[in-house]
There are 2 protein chains.
Amino acid sequence: MTKAYNNHDRLLVAVDCIIFGFDGTEIKALLVKRSLEPEKGKWSLMGGFVSAKESVHDAATRVLENLTGLDNVYMEQLHCFGDVKRDAAGRVISVAYFALIKLDDYKEALLQKHQASWHSLHKIPAVVFDHKKMIALSLERLQQKAIAYPIGFELLPTKFTMQQLQALYEAVYNNSFDKRNFTKKILSLNILNRLTEKEKTTSRKGSFLYTFDKKKYNLLKKQGIKLL
Amino acid sequence: MTKAYNNHDRLLVAVDCIIFGFDGTEIKALLVKRSLEPEKGKWSLMGGFVSAKESVHDAATRVLENLTGLDNVYMEQLHCFGDVKRDAAGRVISVAYFALIKLDDYKEALLQKHQASWHSLHKIPAVVFDHKKMIALSLERLQQKAIAYPIGFELLPTKFTMQQLQALYEAVYNNSFDKRNFTKKILSLNILNRLTEKEKTTSRKGSFLYTFDKKKYNLLKKQGIKLL
DNA sequence: GCAAAAGTGTTTTGTCTACACCCATGA
DNA sequence: TCATGGGTGTAGACAAAACACTTTTGC
């Protein structure tokens with residue numbers, strides 16, 4: 001490095017991951033028991049420090065993989081939190097990311113290792129530092145996102161019923177929709193494949209299973225949709 | 001500070017400001033000639049380092065004020081750019097902000113001091129590092145923002161004509177709209193006060209001047225609108 | 001045969017789009 | 001009086017919202 005910048009302060013830079021999952025009824029966020037002082041043992045987002053040799057995004061990916069064992073997960077940057085006193089133990093700026101994962105995909109052993117557990121968004125416990133703000137902002141972002149881009153693929157199992165998909169959107173918006181209108185709208189997007197297979201555990205009649213058409217889904221992820 | 005974090009790397013953290021203005025026809029961005037090595041003398045966004053004693057947001061505000069002499073400007077965080085090699089001279093992460101200002105409000109002397117000038121978005125010169133990405137992303141954000149929130153107040157003079165407002169939206173979307181439909185839509189938002197005063201320089205008949213109703217405008221800024 | 005969830009269409013309402021003429025004024 | 005830009009309304013297309021009954025099948 002040249003000496004050009006030598007007279008400037010260097011700061012600790014962290015990443016924190018807001019990890020959302022959907023259990024069929026509720027949106028949940030993954031919290032861990034903080035493993036460091038200060039505030040050790042309290043509920044916290046999963047985080048870590050950015051090293052000099054990795055990009056901020058890579059750091060977030062690493063942290064997410066450490067906790068869940070998953071790579072190739074949908075993750076986007078949320079916001080950089082840079083208040084001077086946001087971390088009680090010193091000057092740390094944190095770049096928050098939010099990730100969407102299929103709730104059944106995580107590795108149970110890893111979660112236990114980090115004393116992690118899923119918390120309904122309506123019952124988030126007290127969390128350290130400004131993590132509450134991060135969670136609130138990420139929920140807003142998720143809602144905005146879901147208006148303009150499809151999110152089902154990231155949060156639902158590969159095969160799912162129309163009911164599950166609708167329940168997801170109802171959970172995101174904390175609202176309920178008309179079944180017929182919802183089905184019509186979703187099908188008109190042309191991103192679903194209806195399987196001949198049926199899910200028979202929830203009703204006698206059984207409901208069709210769907211999968212996302214990956215190509216069309218990804219196209220809409222780029223182009224945007226107009227849902228709601 | 002406790003010693004808890006002592007074994008982690010510390011990084012240089014910068015802010016860069018994308019400053020947009022509207023000249024009645026075009027959206028323009030304010031660029032400066034970079035005053036530091038490396039790349040000294042090349043076009044760049046206005047930036048600066050975050051010191052240990054100020055928040056990231058305060059640093060951005062400071063940088064913006066240094067350049068324009070303005071405080072109380074609309075500014076929001078865009079994105080944190082954290083690639084390892086984004087700055088040729090060393091590891092610097094940068095938090096980009098975008099600001100909207102009334103183009104006539106800046107202090108000419110300050111602009112000269114920083115060798116700053118306004119550049120049409122269609123004719124952005126080569127800029128240092130990843131600033132091109134920052135500008136591109138900020139334009140996307142401006143467009144998204146303008147769909148969901150009113151932006152006229154930040155970019156137009158206090159009193160403005162319907163034509164100016166429409167020209168602003170046409171510039172943002174690089175598109176043209178039907179005059180009647182545009183007027184109807186905007187007026188239906190109920191955020192404008194029509195003055196009895198008329199602007200008479202552009203036509204014989206003269207066109208009504210409007211101001212924003214600050215209260216209603218701010219309400220919509222929170223609640224969101226649906227424009228376009 | 002009945003309980004429980006699944007699947008499906010139509011009507012109404014509101015919103016978006018396209019489109020053209022008269023008005024006021026200064027020169 | 002005429003040239004210039006300013007202001008205004010309506011009809012048709014399209015999308016959104018409201019709304020209820022029939023189907024399947026395991027028990």
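Side-chain atoms are counted along with the backbone in the values below, which use heavy atoms only and exclude waters and symmetry mates. A, B, ... follow the sequence lines: proteins, then strands. Residue 1 opens every chain.
- When the nearest nucleotides of DNA chain C are assigned to G206(B) and T183(A) by heavy-atom distance, the more 5′-ward of the two goes with T183(A).
- A salt bridge links E197(A) with K159(A): the closest approach of a Lys/Arg side-chain nitrogen to an acidic carboxylate oxygen falls below 4.0 angstrom.
- In this structure, F182(B) atom CZ and dG6(D) atom P are separated by 14 Å, rounded to whole Å.
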Collect all protein-nucleotide pairs involving nucleotides 9-15 of chain C in which both atoms are nitrogen or oxygen and the distance is under 3.5 Å.
residue	atom	partner	partner atom	Å
dT10(C)	O4	K184(A)	NZ	3.0

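- Here R194(A) reaches the OP1 or OP2 of dT8(C): one of its side-chain N or O atoms lies under 4.0 Å away.
- Between the CG atom of L209(A) and the P atom of dA6(C) there is a distance of 12 Å, given to the nearest Å.
- An OP1 or OP2 oxygen of dG6(D) is reached within less than 4.0 angstrom by a side-chain nitrogen or oxygen of Q163(B).
- Ring planes of H79(B) and F81(B): perpendicular class, angle over 60° (limits at 30 and 60°).
- One interatomic measurement links the two molecules: CG of L165(B) to C1' of dG7(D), which rounds to 16 Å at whole-angstrom precision.
- Evaluation of the ring pair (Phe, Tyr, Trp, His ring centres under 6.0 Å) rule for Y97(A) yields H57(A) as partners, not counting sequence neighbours.
- The interatomic distance linking E199(B) (CD) with dG5(D) (P) rounds to 13 Å, in whole Å.
- Remark: the backbone N or O of F22(A) is not paired with any side-chain donor or acceptor of K102(A) at under 3.5 angstrom.
- A donor-acceptor contact under 3.5 angstrom links the side-chain atoms of K205(A) to the base of dT23(D).
- A salt bridge links E154(B) and K221(B); the closest N-O separation between the charged side-chain nitrogens and carboxylate oxygens is under 4.0 Å.
- Here dA5(C) presents its P atom at 15 Å from NZ of K198(A), a figure rounded to the nearest Å.
- Using a 4.5 Å cut-off on side-chain heavy atoms (C-beta onward), V32(A) and L45(A) make no contact.
- Looking at E26(B) and K123(B), no side-chain N of the basic residue comes within less than 4.0 Å of a carboxylate O on the acidic one, giving no salt bridge.
- Listed candidates were dT8(C), dT25(D), dG7(D). Nearest to the side chain of K179(A) is dT8(C).
- We find that CD1 of I186(A) is positioned 16 Å from C1' of dA17(D), with the value rounded to whole Å.
- In this structure, L187(A) atom CG and dG7(C) atom P are separated by 10 Å, rounded to whole Å.
- Within the 4.0 angstrom heavy-atom criterion, only backbone atoms of the sugar-phosphate kind lie near T202(A); the bases stay farther away.
- The nearest whole Å value for the distance from the NZ atom in K200(B) to the P atom in dG7(D) is 11 Å.
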